[in-house]
Each structure stands twice: as structure tokens, then as C-alpha cells.
Amino acid sequence: MSAPAVPASVTATVLAARSRPHGPTSALWHAVALHRPAAEVDGACELTLCGSLARVDREQPWPTPARDVCPACVVLTS
């Protein structure tokens, strides 16, 4: 299953989001494309570009300088 495509005519703000550790996997930083003002993000989980659910951190820029970043999100935002 692939991540949904964002139409080129739609401008999106890309923010970083932190997933929760699940089983043997660690928490990762993901990219979230917002199609609404960042001020409307209320701390709930959002769908990331790679298809995961993660909590958006409006203070964390994307691309994030962190080392624990989702490789799929890096490729999808390149």
C-alpha cells in the first residue's frame, strides 16, 4: 500500500511528527503534510506521508535534524 499522493496544485505545509514506539520498533520522526493552518493542529495524531499515525510537533521543523527519522518520509519529501 502506498501513501496518498498530494496534488501539485495544493500547497501543503510539512511538519514533523513523532510516532510512538510499537513492539520492537522505536519512535521515529515522520513528515506530515498539512492542508490547513498549523495553528489548527490540536495535538491529535495525524496521518504521515508514509501512512503511519504520529503526533505533530508544531515546534519541530521538517526536515528535522534528529537521527531517528523515518526513511520513507525522507524519500517522500525529497
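Since we're looking at a predicted model, the values are computed, not measured.
Smallest separation of non-hydrogen atoms from Pro61 and Ala16: O-CB, 3.7 Å. Considering all non-hydrogen atoms of both residues, Cys73 and Ala31 come closest at SG-N, 3.3 Å. In this structure, Cys50 and Ala72 approach most closely via the heavy-atom pair CB-CB, 3.8 Å. Nearest heavy-atom pair, Trp62 versus Leu15, reported as atom, atom and distance to 0.1 Å: CB-C, 3.9 Å. Heavy-atom minimum distance, His30 versus Thr48: CB-CG2, 3.4 Å.
Salt-bridge annotation for Arg55 and Asp42: absent, with no side-chain N of the basic residue lying under 4.0 Å from a carboxylate O of the acidic one. A salt bridge links Glu46 with Arg36: the closest approach of a Lys/Arg side-chain nitrogen to an acidic carboxylate oxygen falls below 4.0 angstrom.
Two residues are said to be in side-chain contact when any heavy atoms from C-beta on lie closer than 4.5 Å; Gln60 and Pro65 meet this criterion. At a threshold of 4.5 Å between non-hydrogen side-chain atoms, the residues Leu47 and Val32 do not count as touching. Leu28 is not listed as a side-chain neighbour of Val69, based on a closest heavy-atom distance of 4.5 Å or more. Looking at heavy atoms from C-beta onward, Arg58 lies in side-chain contact with Val41 at the 4.5 angstrom threshold.
Under a hydrophobic clustering in which Ile, Leu, Val, Met, Phe, Trp and Tyr are joined whenever their side-chain heavy atoms come within less than 4.5 Å, directly or via other members, Val14 and Leu76 fall into different clusters.
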Report the C-alpha separation of Asp68 and Arg18 in whole Å, then their side-chain angles, then the decisive distance to 0.1 Å, and conclude whether the side-chain contact (heavy atoms from CB on, under 4.5 Å) test is met. CA-CA 10 Å; Asp68 51 347; Arg18 186 76 166 169; 2.6 Å; yes
